[in-house]
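In what follows, chains are A, B, ... by sequence order, proteins preceding strands, each numbered from 1.
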Amino acid sequence: MPPAKKKTVRKKKAVARKKTVGRKRGAAKKKRARRGFPWLKWFVGLVLLAMLVVGGYSLYLSQVVRIKFEGKRWAVPARVYARPLELYTGANLTPARLQAELQALGYRKVKQVKGVAQWSQSGSRFVFHTREFLFWDGVEPAHKVDLRISGNTVSALKDGVSGKPLDVLRLEPPEIGSIYPSHKEDRVLVRRDEIPDHLVAALLAAEDRAYFHHHGINIYSIARALVANVKAGRTVQGGSTLTQQLVKNFFLTPERSLWRKANEALMAIILDARYDKDEILEAYANEVFLGQDGDRAIHGFGLAAYYYFNRPLQELNLSETALLVGLLKGASYYNPRAHPQRALKRRNLVLQLMADQGFIDEELARTAMRQPLGIGEKGRLSSARHPAFIDLVRRQLQRDYQEEDLTSEGLRIFTTLDPWAQQLLDKQIASGLASLEKRRKLPAGSLQAAMVLVSPQGGEIRALSGGREAGFAGFNRALDAVRPIGSLIKPVIYLLALSRPDEYSLVTLLEDEPVRLEDAKGRIWAPKNYDRKAHGLVPLHTALAKSYNLATVHLGLSLGIENVVSLLRKMGVRRPLRPLPSLLLGAVSLSPLEVAQFYQVLASGGFRSPLRAIREIVDSQGRPLQRYPLEITQVAEPGPVYLLNRNLVEVTRVGTGRGIRNYLPESLEVAGKTGTTDELRDSWFAGFSGDWLAVAWVGRDDNKPAGLTGSSGALVLWGRVMKALKPQPLGLLPPEDIVYIWVDPQTGYLSAEHCEGAIAMPFIRGYEPRLRSDCLGEERPPGSFLEHWFD
Amino acid sequence: MPSSGRYQPPEIIAYREPVTPSHARPAPGRAVRALMARAAQQEQAGELVAAAGSLERALRIEPKNPELWNRLAHVRYKQKQYSLAASLAAKSNSFAGQDPALRADNDALIGRARY
């Protein structure tokens, strides 16, 4: 736009009238006017008038510039972090997992660790130098660490410099995403002192060599561009300074017009006059557009460094920095992931310009040009975004924060996500569903799934799968697929029974007989067992292990449906529940996350913790804003919960959940329960080990029958995921009031170790069985006269 | 034992859990000891929020350590979060096994918290 540029030069004079240059020229014009050119008076008058108008307009623009530049310049999205990996002697850790963690943090593998964010490995020994990181409770300083892994645990953890053992160390948490506003601009702010010198040099060389000398615009480069453009007959070169580019991005619309060009130049001059070069440079470095990631726009060098190299800006070397600078010309045209050849050419041009202008020597430039692009792979731990989990975080935040604060205040959000577990989960869901479809001859892609992984004692949500395409933000089934839970409800009924030890124990006989109930409208409800049989009198523990419906309905009816509902509430179910008999067989619709909430009470021995995805939130300065601490409420006595959990272990040994043994060895004790709904629409499995609570759902989005029971569907996913997680055994500790007693399994009568078929069962002290089996019958200890009454 | 004295069958034995894993009640590891020491310092300095934070961090490492639950109960009690303190102490009891001193301390705390 050559004419526009000419005009801007005139206007510049007007604005710069405060400066001496402007004043001198004005005076010269007046002198000439007095020497007998009367029409010049008019001309000068007009010029003065124009200057007045332009001056006034400049004052206005100056105000516009001031408000924007000194106010809050950008909406800085909240950044979301996974949990930090805790390292200590004895921690469960495999070399592969540590490698993944270090790579996710953008640490570079080297032969010998010489600086921050580097790591080396020889066999099972790792040496790495961590970055300093500001946590909510203080700074974790940078450390050189010497770590050894043997047998999948950390066997030694030492300071890499002094060789002294380290107690415990937090790695910095990997970033898993950001909560950016609707205009989709994402950025990580950098301060001027965080902008490396070679980035400044590259900017000057490639974009604006006279930056530190001009006054916002550069007449020579405009002229040069003009000549080049006229010669070529089209726009081949721009004469914009960094200041003008900033103004264009900052204040103006992208339209190309004379008026806009004029404004741009005027504002550049104002900006230059009012503010420090360094300040403008900092704003420039944070403002510019450097790439597009789906619907997210990458702005500023701070974020671009993470986006392309997964490292902070200060850690980028010369060639990497030159690549970023090269993107200024056209972030999509030179996108190094899509067009590596173009990007390489462009990068090398920037390096050549730097050498030509003496910022670096030829030798250095040539070395840098020989380097590969070095673009970080997308899809590793941290850069693989976790839309389902972020969605959960967002919903949890919306209870306490305004949307605007989340997308603009630069908050930092520390979550409970374990990226390693999440990655395993995503992988197992995808492959598990595919293999289920194949095995059952179902159409490929017809099944969907959701799964939640929680820490049992603290209620922290460690991973979450909202469906089979993990990278795809869509229907979040873990939160929004609200489905009948079927037999998953049964443990609640049995817990209620076992909480009345004077009436029920694990060996109490229940009636597994047909049920026929009529509601107020005369409709008949006659549920059946899965095998369509009635089993007569069955011990309570067998009824749960085999998931007998009839026995459960009889039990639930005698306990009172209202009481079942109220226990469900205490265990954390918030949804409205109708106290109908069908509730006893799971005619209650819940999401997998809600199921995880009430199973957490069982997994933690009767203590409810609200499930959490967030630990802490700090503001942009690192000051703690909010914590979501560990909260627990005792909602059931440990004794009955222990009895129930033993029973749920039985489910996975000999009951409906024994298929787990295809995935976990017999010696590894876990507890769980299957759930199946009418016509096999929903397949559920919920269960826990010593360190993981997991709830899995499998079904179809259209709610048509999926053809899977709890044990043929969800259990398979649960087993695959658990196997991959290498869980700790359940390790139930009998509470103080639990005693083990030998009983006859058929009758529940007292027995002894030497009696045939006797088993040791746990009871609540004081409520042991009193009736004696035949085997024990003959030896009556003296004084036990009461028992004669029962014989 | 049943206190009624109605029967004292010698063949009825109160068993320990058949498969009690060895790690159920471990001695606190080095990491947890260090975090407990840090929490104690923070508690002394009146930094109760930080002390609770350190204890929670330790609990992520050893979630079945009854001493940690007990310490956290005390910190919450100091912060006047009485019902939370009582639940935490009860939780500590559920892992305390045969540790009469710890049990007594938890019970006393529960008593005070519910008072």
**Item:** Side chain / backbone / both / neither for Val49(B) at chain A, heavy atoms under 4.5 Å
**Value:** both

**Fill in**
dist Trp69(B):CH2 -> Asn106(B):CG (nearest 0.5 Å) comes out at 12.0 Å

**Item:** Arg76(B) (side chain) donor-acceptor with Lys80(B) (main chain) under 3.5 angstrom
**Value:** no

**Prompt:** Does the side chain of Arg38(B) pick up a donor-acceptor pair with the side chain of Gln41(B) at under 3.5 Å?
**Reply:** no

**Fill in**
When the 4.5 angstrom heavy-atom criterion is applied to Pro735(A) and chain B, the contacting part is neither

**Asked** Taking every heavy-atom pair that is under 4.5 Å apart, which of Gly90(A), Ser455(A), Pro629(A), Pro638(A) has the most such pairs with chain B?
**Response** Pro629(A)

**Message:** Only pairs of heavy atoms separated by less than 4.5 Å count here; which of Glu616(A), Glu736(A), Gln634(A) has the most with chain B?
**Reply:** Glu736(A)

**Request:** With a 4.5 angstrom heavy-atom cut-off, could you sort out which part of Glu86(A) is near chain B: side chain, backbone, both or neither?
**Result:** side chain

**Message:** Pair Gln457(A), Lys91(B) - check side-chain contact (heavy atoms from CB on, under 4.5 Å), show working.
**Reply:** CA-CA 10 Å; Gln457(A) 307 298 339; Lys91(B) 180 92 179 172; 2.5 Å; yes

**Complete:** Honestly, the part of Arg615(A) sitting under 4.5 Å from a heavy atom of chain B is side chain

**Asked** Using 4.0 Å as the upper bound for N to carboxylate O, is an ion pair formed by Arg646(A) and Glu669(A)?
**Response** yes

**Asked** With a 4.5 angstrom heavy-atom cut-off, which part of Leu166(A) approaches chain B: side chain, backbone, both or neither?
**Response** backbone

**Item:** Top of Gly458(A), Gly606(A), Pro456(A), Ser604(A) for chain B proximity - count of heavy-atom pairs under 4.5 angstrom
**Value:** Ser604(A)

**Message:** Please check if the number of heavy atoms outside Glu666(A) that lie under 6.0 Å from its CD is greater than 12.
**Reply:** yes

**Request:** Find the one option among Arg30(B), Arg57(B), Gln42(B) whose heavy-atom pairs under 4.5 Å with chain A are most numerous.
**Result:** Arg57(B)

**Request:** Output, in order, the C-alpha distance, side-chain angles, deciding distance and verdict of side-chain contact (heavy atoms from CB on, under 4.5 Å) for Asp167(A) and Tyr88(A).
**Result:** CA-CA 6 Å; Asp167(A) 292 326; Tyr88(A) 51 92; over 6 Å; no

**Request:** Identify which part of Leu169(A) has an atom lying under 4.5 Å from any heavy atom of chain B, answering side chain, backbone, both or neither.
**Result:** backbone

**Request:** Please test Cys755(A) against Asp744(A) for side-chain contact (heavy atoms from CB on, under 4.5 Å), starting from the C-alpha separation and ending with a verdict.
**Result:** CA-CA 8 Å; Cys755(A) 297; Asp744(A) 180 300; over 6 Å; no

**Request:** Please look at Pro165(A) and chain B and tell me whether the side chain, the backbone, both or neither of the residue comes under 4.5 angstrom of a heavy atom of that chain.
**Result:** both

**Request:** Go through Ser83(B), Ser94(B), Gly53(B), Ala86(B) and name the one with the most non-hydrogen pairs under 4.5 angstrom from chain A.
**Result:** Gly53(B)

**Prompt:** Ile110(B) and Asn93(B): side-chain contact (heavy atoms from CB on, under 4.5 Å), yes or no, with the steps?
**Reply:** CA-CA 10 Å; Ile110(B) 293 170; Asn93(B) 267 344; 4.3 Å; yes

**Prompt:** Salt bridge between Arg83(A) and Asp418(A), side-chain N to carboxylate O under 4.0 Å?
**Reply:** yes

**Item:** Residue part contacting chain A, namely of Leu59(B), when any heavy atom lies under 4.5 Å
**Value:** side chain

**Request:** Against chain B, work out which of Val168(A), Leu157(A), Asn92(A) has the most heavy-atom pairs shorter than 4.5 Å and name it.
**Result:** Val168(A)

**Complete:** Under 4.5 Å to a heavy atom of chain A? For Leu55(B) that would be neither

